[in-house]
Amino acid sequence: MDSKNKTNRRRFLRKAATAVFGVTVLPSIIPASALGKDGHVPPSDRIVMGAIGVGSMGTGNMINSLKKNEVRYVAVCDVDLKRSEKARLLVNQTYKNSDCRQYSDFREFLENEELDAVCIGLPDHWHAIISIAVANKGIDIYGEKPLARSIKECRAIVDAVEKNKIIWQTGSWQRSVAHFHYACELIRNGKLGEITYVEVGLPDGRESIGTPPVMPVPDGLDWDFWLGPAPARSYRGVCHWDWRWILDYSGGQLTDWAGHHVDIAHWGLGLDRSGPVEIEGKGVYPLEGIFNVPVEYDFTCKYENGLTMRVANRSRLPQGMGATWYGEKGWLNVDRSGLTAEYPEILNEKIGDGDIKLYKSIDHWQNFLDCVKSRKETITPAEIAHRSISVGLLGEIAMLTGQKLFWDLEKEMFTNSDYANRLLSWPYKKPWDLNV
Amino acid sequence: MKKIKISSRLKSFSGLFVSILLLIQFISCEPIGKNRALIITGQNNHNWEKSSVLLKDILYISGIFKTDILISPAQGEDMSGFLPSFKKYNVIVLDYNGDSWPDQTKNNFVEYVKGGGGVVVYHAANNPFPDWKEFNEIIGLGGWGNRDESSGPYVYWENGEIIRNNSPGRGGDHGEQHAFLVVNRDKEHPVTKGLPESWMHARDELYGLLRGPATNLHVLATAYSDTATGGDGRHEPVLFTIGYGEGRIFHTVLGHAGGEDETPAMECAGFITTLQRGAEWAATGNVTLDLPDNLPNSASVVKWPDFRPLTLDELMVKASSYKVGKSRKYLADLTQRIRKDSNSPKMLLKYEEKMIELLNSEATSDSKNYLMKELSWMGSDKCIPVLKELKKNKNTEEMASYALERLSAD
């Protein structure tokens, strides 16, 4: 909770960072050689890390950082023993030792380990409680999008990150991919002219599986702990991965992907620390089965500057997936496959000396590690992650209530609906709260 | 004319229908049966004895039709006396797939339509009379009966437009029965306006490869005929209109009724709603029917076993026996209604009152837990006492606390 819990090792790392790299050096251009000859990092300078949540995403993230010279994973934590065991073995194999420690309770993990940074990969309904607990230990975090399940939780994470002065990186890694960066610089520099309309296409919903029967909880999985703050439920085989289709844990494709393509759309527009002021739209919700997130969603957001953003599942939009800006010189779409434009000449545009340059990172993980050392802000800090997912969460509330909503960007409250304001948070099951 | 038969099935439901009828009359002050409909049936490769009665039920329930059923002579019998009085009706509903009509009947039918009469072509009614030119112009598209390129083009939806394809080949096909997605292609037409843009249709035969003159044909909705279910891989028209002279024709290829007991395609809320609206449009050129509650959407089929949505009171009774793991359709129906009416505080209060009644009743804990989650955002002070009461019960404690927390009352 306070500085006395931070380890001596940790303070050393921060002091060293200031001394070696100074404050004027950009994190993205730290030469590898600065880390030591042949990339060798003395143990005392290594970033000591742990991972909480080591399923598909959590393990993927860990793998991306496990072999970085300046990182040393020492502990993993998961409510599913099979997963934590697998992750422990992976760490040990990588380091050719048997040192990695294994936990199922994040509180114990935080109590026993002395860490510089933690990689968090959890279902959305756990994001806020655990992120804030980690932040309050003064530990830097690589967290996943969406920042959290509710807008109030997101704000609480941002506050905790700022209060504890920790480094936060969000897994909105598209920002560290060259063609996304280029697309956003084109837009930011007005190469498409003034932008008045944006579309954001996210994946279509997933098909129903009906309601599977209650079944025994698999060995090693602590189901009650997995549910945590969410309402008590019998186990029906929907846990890892497929939690994403149940509103208690996730908002579906919309909230999974808003942290990617809304994030990029905002970045290009310079609105990534802002948000919409009017939201209205419709979702199509399954009327049967265990899954209850919208299979189709389509809502529009209006911004203070008059811009309109439409967010929908890809099949509903002319350009499909990705962010599409509509400007005076036609439209430009960016998604993972690249850039397309109504008038392809735009794709030959260069970003010149006089143009605005956006934060540059070519390796999302390296950006985080560099910032852990330099104490600079990452390319996707918590506030930006919050504003990106807020669009998805505001759209979700507009669809759940069926109302047109007006949003106060400062107070982060709806100005016209008490009903909608109640949906800014999801009540927790006891004993969980945000101050574990 | 041989005989007009009032169905025994209809009689058995008459008590219920009369009460609905009176209710509708009372509310709308609309004369019941201001439109007169005639269902023509009696020969069909489908279960016409069932379908014709259900069609009548469906029109009856709309509250704006007075409907007769005309049963033709049986197949192979003398048809010479089959002389329906088309002109007595605003709309003729064709549920007939059988022997040729007498020339006079054919002429009368064509004159009736030309002169501004309405027609509903229902499912296999687009099968008969491949060689009767005017009939095929009236139905727009037909299938089977050796129809081929000489019958007219194939008509289907591709890349945002209607394709008329004259390539040679047989007319009429369907794969195995299955539930499929119907996509409205005209969202402004009186029949489809306000309906879900796309909706899952309950298990049915999906007709495809229909051919016909297709003049003055306007597609309202299509469905993708998936090769995986034996279909043709095209977006086939399933609801369309045809103009013929002054007449209006609404053609639905949906609604298969076979030998089995179940008639999911006819119980489908989307089928029922479009049939009622299509019949009104064919009869009058306009649609005055309100959009009903509890329509299907692109994720889920909705069936109305009584051919109408439940009243709120009926719905609450059904909802009160909900158990987690069983069908949640009644609860989902309630949620949809709340969402639809959420801009009316008065309506939300009405829902809340009904929900409070259920919370105070012997309903299952699971139904109460679901309702408390809804109340957590749309409830008022009125529900607080019962929530506090339910907080004392271990089966409802958790969701009562949840709701009280959101309502900031705890």
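Residue numbers begin at 1 in each chain, while the letters A, B, ... track the order of the sequences.
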Under 4.5 Å from any heavy atom of chain A - which part of B/Val324: both
So, the part of B/Thr335 with a heavy atom under 4.5 Å from chain A: the answer is neither
Of all of B/Lys340, B/Glu398, B/Lys326, B/Lys373, which one pairs up most often with chain A through heavy atoms under 4.5 Å apart? B/Glu398
Residues, nucleotides or ligands: over 12 heavy atoms within 6.0 Å of A/Phe225 CZ: yes
B/Arg185 atom CZ, over 12 foreign heavy atoms within 6.0 Å: yes
Between A/Thr401 and chain B, which part of the residue has a heavy atom less than 4.5 Å away: side chain, backbone, both or neither? both
Greater than 12 external heavy atoms within 6.0 Å of A/Lys429's NZ: yes
By side chain to side chain contact (heavy atoms under 4.5 Å, CB included), which residues pair with B/Pro190, not counting sequence neighbours? B/Trp281, B/Val287
Please flag which part of B/Met399 lies under 4.5 Å from any non-hydrogen atom of chain A: side chain, backbone, both or neither. side chain
Considering heavy atoms only, which positions within residues 341-358 of chain B lie below 4.5 Å of chain A? B/Ser342, B/Asn343, B/Pro345, B/Leu348
What are the residues of residues 416-425 of chain A, in order of number, with any heavy atom under 4.5 angstrom from a heavy atom of chain B? A/Tyr419, A/Arg422, A/Leu423, A/Ser425
Spatial distance of atom NZ (A/Lys282) from atom CZ (B/Arg339) [nearest 0.5 Å]: 11.5 Å
Close contacts, residues 285-296 of chain A versus chain B, judged by heavy atoms under 4.5 Å: A/Tyr285, A/Pro286, A/Leu287, A/Glu288, A/Gly289, A/Phe291, A/Asn292, A/Val295, A/Glu296
Are the charged groups of B/Glu197 and A/Arg316 less than 4.0 angstrom apart, N to O? yes
Can you find a pair of side-chain heavy atoms, one from A/Trp426 and one from B/Arg406, that are under 4.5 Å apart? yes
